[in-house]
Asker: 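So that we are looking at the same thing, I have put the structure below in structure tokens.
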Amino acid sequence: MSHIAGVDSRQMTMSIGCIEDEIPEDSPARFIEVFADSFDLEAMGFEHAVPAATGRPPYSPYLLVKLYIYGYLNRIRSSRRLMRECRRNIELWFLLNRLCPDFRTIADFRRKHRKLLKQIFLIFVRACREMRLMDAQTLCLDGTTIRAVNGKKQATSAELSRKKLEYARAQLEAVEKYLDSMDEEDLREARIDHPFALDLEKGRLPDVETLRARIAFHERCLKQLEESGRSSLTFTDPESAMMPAKEGGIKACYNVQTAVDAGSHMIADFRVTDTPSDRGQLYDSIELCRKDLELGTVNAIADKGYESAANIERCLMNGIAPDVGFIQDREERVFPLDYVEREITPQMQASQSPEDIQACLHAGVLPDCYAGSNIRVEVQTLGQLSCFIRHEDGRVTCPIGRELFKKKETKYGTEYSSKEACRTCPNRCTDSRQEKHVNIGRNSKYVPVLMYGNPDRPLQPIPDVAQSAPHNNFGKLKRAEKRVMVFIRRDIPRQKLRQRTSEHPFGTIKHADGVRCFLCKGKEKVTAEFALSALAYNLRRAIRLCGGVPKLIELYRRTAMPKIRKIAEF
């Protein structure tokens, strides 16, 4: 019995006929061709979309856009590897008409059009909304760090520069003393060990000018860090920053913030930052997505790493329903607002403009865009009488019974406060947004206070009822008669929805597609890289949601392509 025999390759010919016939119907290359040919690259600003009448003919940007989309879809990001694939990949023969651009041409295209590649990603997202594959009404936000083109040794921080500056100065002092004492035999013998204490060898002392240049370098670094307010400097890629990497250790990275659609699990938008922490990035990330996709009010779900009272309140006042994980063990997040009496019409309550939303909240009316969510509004009136009590065991409790803690001794007694108790308090005993500081005299047992609040919530009564009458006047400070309290309730099922939605794209892009580090330097070029990775991820999701490439092409041609010119206008 013999093996299966083929035709000798030296006798074989490439008479395969039409290349298109060799491309399977379910190949994503067929959709890439339809998608890239459907919009006007000249109107978007791509170079050489219309070739010049003279000079060497350029490659069409349509072909290079197809090449990059196909490459990132098939985990090929390097320009040299893309060049090799052009010579041997039959699907690229189909997309590029058997052309083989040089790797410099491929790399230069991504560099020159770094801002426009993000637009192509957004065009596809808008097309998915037209095809009803995503609605982008509930967005799950998360961030991840991806390595930059910058080694750990090509970076410094304020602490590291101070240590190296101190060490270089000590080395310089030691070398200068050693050189000055070389003519004196006795001093030389006495100080011969001093350079060794600073890792200096007697026969290989560093140049004095080199040490002075090193000192000047770290002095410049410290000055630059102080002026810029940054925590670290990176020299190979100055726009990156040192931050904890997911694989461990402190490395030069970018922090990529993504907003993922909860229904389709597709990436609706993203932004690349150099901030190590997610704290305070909720509003900017969601607002960018609303602007890029022309969205109205949206629901934003994020983990507890985005905890920032000011940022969450900013979202609330601008039509973003924030659902951020709770750091502390509590059931509600509380925001006090100034009450502004105003007649709220049904049109204002139904409006999605930030001005009308803010007017409704300050008037104590819940806007329709927040109806059915975990947000509620309550108007509280000043007038309930309660007190702070110092008990026999030394504990101090506030009017709703929460414990306060000793802060300092004062001239008139002892000051108590609790930031956590005030932050989660459903009633208010002060107009200030800060925590309440109460001073209890040395011989006093309680301090009376007028409260805002709901009469249904019990308050601790004044212990000595007979002495409560003289406390009708609470000083000359005039307080507002009403306050508005906004409550955001803990919603654990929505947090679990965020976890299984926003984590999946990062796992696929970083581990399945191999995007553990960027290939380019600079925030704009890194943004272009991630735009191609996110586009490839969304394309796979769209094919799966539609049930195959032919159905996606049919739906795209019928629904999105007639509007693609309008979609491409940014």
Asker: Which pairs with one or both residues in residues 308-322 pass side chain to side chain donor-acceptor pair (under 3.5 Å), sequence neighbours excluded?
Answerer: E313-R433
Asker: Work out which heavy atom in C360 is nearest to a heavy atom in I344; give both atom names and the distance.
Answerer: SG-CG2, 3.6 Å
Asker: With a 3.5 Å distance limit and no angle check, can you tell me whether R541 reaches the backbone of S264 through a side-chain donor-acceptor pair?
Answerer: yes
Asker: Considering residues at least two apart in sequence or located in another chain, which fulfil the side-chain contact (heavy atoms from CB on, under 4.5 Å) criterion with K251?
Answerer: R147, A245, E247, C253
Asker: Could I get the full list of salt bridge (Lys or Arg N to Asp or Glu O under 4.0 Å) partners for E554, not counting sequence neighbours?
Answerer: R558
Asker: Under the rule for salt bridge (Lys or Arg N to Asp or Glu O under 4.0 Å), what residues qualify as partners of E343, not counting sequence neighbours?
Answerer: none
Asker: Is the shortest side-chain heavy-atom distance between S231 and M242 below 4.5 Å?
Answerer: no
Asker: Which ring-ring contact (aromatic ring centres under 6.0 Å, His included) pairs, counting each pair once, include a residue from residues 270-303, with sequence neighbours left out?
Answerer: F121-F270, F270-F530
Asker: Kindly state each residue pair satisfying salt bridge (charged side-chain N to carboxylate O under 4.0 Å, His left out) with at least one member in residues 359-379, sequence neighbours excluded.
Answerer: E332-R376, R376-E378, E378-R457
Asker: Would you find a donor on one side and an acceptor on the other, under 3.5 Å apart, between the side chain of H511 and the backbone of F506?
Answerer: no
Asker: Quick one: salt bridge (charged side-chain N to carboxylate O under 4.0 Å, His left out) pairs with a partner in residues 318-327, sequence neighbours left out?
Answerer: D323-R494
Asker: Are any non-hydrogen side-chain atoms of H362 and Y339 less than 4.5 angstrom apart?
Answerer: no
Asker: Please check if the side chain of S27 supplies one atom and the backbone of P24 the other of a donor-acceptor pair under 3.5 Å.
Answerer: no
Asker: Which residues satisfy the side-chain contact (heavy atoms from CB on, under 4.5 Å) test with D274, sequence neighbours excluded?
Answerer: R230, A241, K523
Asker: Under a 3.5 Å distance rule, please check whether N374 uses its side chain to pair with a backbone N or O of R489 as donor and acceptor.
Answerer: yes
Asker: Donor-acceptor pair, D303 side chain versus G325 backbone, under 3.5 Å?
Answerer: no
Asker: Cut-off 3.5 Å, side chains only: do T275 and S277 have a donor facing an acceptor?
Answerer: no
Asker: Which heavy atom of S502 sits nearest a heavy atom of L141, and at what distance?
Answerer: OG-O, 4.3 Å
Asker: Do the non-hydrogen side-chain atoms of L361 and V484 ever get within less than 4.5 Å of each other?
Answerer: no
Asker: Side chains of D102 and T105 only: does a donor on one sit below 3.5 Å from an acceptor on the other?
Answerer: no
Asker: What residues, two or more places apart in sequence or in another chain, satisfy side chain to side chain donor-acceptor pair (under 3.5 Å) together with N255?
Answerer: Q257, D278
Asker: Does any part of the side chain of I32, heavy atoms only, come nearer than 4.5 Å to the side chain of L539, both counted from C-beta?
Answerer: yes
Asker: Between CD1 of I553 and CG of D26, what distance do you get to the nearest 0.5 Å?
Answerer: 10.0 Å
Asker: Counting only heavy atoms not in R80 (residues, nucleotides, ligands), do more than 12 fall under 6.0 Å from its CZ?
Answerer: no
Asker: side-chain contact (heavy atoms from CB on, under 4.5 Å), that's the test. Do I123 and M44 meet it? Break it down for me.
Answerer: CA-CA 11 Å; I123 288 172; M44 293 175 63; 3.6 Å; yes
Asker: Nearest 0.5 Å, what's the CG-SG distance between N150 and C517?
Answerer: 12.0 Å
Asker: Given Y68 and F109, is the side-chain contact (heavy atoms from CB on, under 4.5 Å) satisfied, shown in steps?
Answerer: CA-CA 10 Å; Y68 265 115; F109 179 81; 3.9 Å; yes
Asker: Indicate yes or no for a side-chain donor-acceptor contact from R498 to the backbone of E503 under 3.5 Å, with no hydrogens or angles considered.
Answerer: no
Asker: One thing to verify: whether E239 and K521 come together as a salt bridge, which I'm taking to mean a side-chain N less than 4.0 angstrom from a carboxylate O.
Answerer: no
Asker: I need the minimum non-hydrogen distance between D356 and M348, along with the two atoms involved.
Answerer: CB-O, 3.7 Å
Asker: Among all residues two or more places apart in sequence or in another chain, which pass the salt bridge (Lys or Arg N to Asp or Glu O under 4.0 Å) test with R290?
Answerer: E287
Asker: Quick one: pull up CG in L139 and OG in S285 and give me the separation to the nearest 0.5 Å.
Answerer: 10.5 Å
Asker: Between atom CG of N97 and atom NZ of K66, what is the distance when rounded to the nearest 0.5 Å?
Answerer: 7.0 Å
Asker: Holding to salt bridge (Lys or Arg N to Asp or Glu O under 4.0 Å), I want the full list of residues that pass it with K115, two or more places apart in sequence or in another chain.
Answerer: E524
Asker: Any non-hydrogen side-chain atom of Y62 less than 4.5 Å from a side-chain atom of F46?
Answerer: no
Asker: What residues form a side-chain contact (heavy atoms from CB on, under 4.5 Å) with T501, not counting sequence neighbours?
Answerer: C140, V260, H265, L497
Asker: Would you kindly say whether Y306 and Q281 are connected by a side-chain donor-acceptor distance under 3.5 Å?
Answerer: no
Asker: If I compare all heavy atoms of I375 with all of I488, which pair ends up nearest, and what's the gap?
Answerer: CG1-CG1, 4.2 Å
Asker: When you compare the side chain of T508 with that of P505, does any pair of heavy atoms fall below 4.5 Å?
Answerer: no
Asker: Any chance you could measure L67, atom CG, to I106, atom CD1, to the nearest 0.5 Å?
Answerer: 5.0 Å
Asker: With a 4.0 Å cut-off on N to O distance, would you call R88 and E85 a salt bridge?
Answerer: yes
Asker: Heavy atoms, side chains only, cut-off 4.5 Å: are F31 and I543 in contact?
Answerer: no
Asker: Side chain of W93, backbone of C86: donor and acceptor closer than 3.5 Å?
Answerer: yes
Asker: Scan side-chain atoms only and decide if K510 and T144 contain a donor-acceptor pair under the 3.5 Å cut-off.
Answerer: yes
Asker: Give the intermediate values and the outcome of side-chain contact (heavy atoms from CB on, under 4.5 Å) for residues L96 and Y59.
Answerer: CA-CA 10 Å; L96 306 185; Y59 284 99; over 6 Å; no
Asker: Do E20 and R30 come within less than 4.5 Å of each other through their side chains, counting heavy atoms only?
Answerer: yes
Asker: Hey, does the side chain of Q380 reach the backbone of P426 with a donor-acceptor pair shorter than 3.5 angstrom?
Answerer: yes
Asker: On a heavy-atom basis, which atom in Y254 and which in S240 lie closest, and how many Å separate them?
Answerer: OH-N, 3.5 Å
Asker: Counting heavy atoms not belonging to Q499, are there more than 12 under 6.0 Å from its CD?
Answerer: no
Asker: Does R333 make a cation-pi contact with F487 (under 6.0 Å, within 45 degrees of the axis)?
Answerer: no
Asker: If we ignore angles and hydrogens, is there a donor and acceptor under 3.5 Å between the side chains of Q495 and R490?
Answerer: no
Asker: Quick check: closest heavy atoms across R557 and V34, and the distance to 0.1 Å?
Answerer: NH2-CG2, 3.4 Å
Asker: Checking the side chain of R279 only, and the main-chain atoms of E307 only, is there a donor and an acceptor separated by less than 3.5 Å?
Answerer: yes
Asker: Near R111 CZ, under 6.0 Å, is it more than 12 heavy atoms from other residues, nucleotides or ligands?
Answerer: yes
Asker: Answer with yes or no whether the side chains of Y72 and D513 bring together a donor and an acceptor at under 3.5 Å.
Answerer: no
Asker: What distance do L552 atom CG and F35 atom CZ have between them, rounded to the nearest 0.5 Å?
Answerer: 10.0 Å
